[in-house]
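The structure displayed is predicted, hence computed values, not measured ones.
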Amino acid sequence: MTDSNLNPQPLPPQQPQYGQPGAPAAARWNTLAIVAFIVTFFINIVGIILGFIALNQIKRTGEKGHGLALAAVIIGFASIVLGIIITIVVFSAAGSMVHTTS
């Protein structure tokens, strides 16, 4: 046997193929996360749904945009809760005004 058979040269590390689960997406942003963040200011329910879908995609692909998708979900839920609170306060104020003028 020769010395080259005893000490084979190590193979170079395999580069991950993009699009496979767990493969890093170098400097690639998830488009749905960006759309979810923008849409949540106009139609909060749609922004929440798109944000959850984007979070799922980011987990699979490793793309950037986790913060945007998470912000879309949080802002969407916060705006819904704030809208409910404002509605309750407005109707309570209107109801109390009706009873005091009668």
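- Scanning all heavy atoms of the two residues, the minimum distance from Ile48 to Phe77 falls at CD1-N, 3.5 Å.
- Rounding to the nearest 0.5 Å gives a distance of 9.5 Å between CG of Asn56 and OG1 of Thr61.
- In this structure, the side chain to side chain contact (heavy atoms under 4.5 Å, CB included) partners of Ala69, at least two apart in sequence or on a different chain, are Ala33, Ala54, Leu55, Ile58.
- Taking all atoms of both residues into account, the shortest heavy-atom contact from Gly47 to Val39 is N-CG1, 3.9 Å.
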Step by step, work out the side chain to side chain contact (heavy atoms under 4.5 Å, CB included) result for Thr40 and Leu50.
CA-CA 9 Å; Thr40 196; Leu50 293 178; over 6 Å; no
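- The one candidate from Ile86, Ile88, Leu82 that meets the side-chain contact (heavy atoms from CB on, under 4.5 Å) condition with Ile84 is Ile88.
- A donor-acceptor pair is defined here as one N or O able to donate and one able to accept, closer than 3.5 Å; such a pair exists between the side chain of Ser79 and the backbone of Ile75.
- Using a 4.5 Å cut-off between side-chain heavy atoms of Ile, Leu, Val, Met, Phe, Trp and Tyr, with links allowed through other members, Val81 and Val46 fall into different hydrophobic clusters.
- Atom OG1 of residue Thr31 and atom CD of residue Glu63 lie 7.0 Å apart, to the nearest 0.5 angstrom.
- Both Phe42 and Val73 are assigned to one and the same hydrophobic cluster, defined by single-linkage of ILVMFWY side chains at heavy-atom distances under 4.5 Å.
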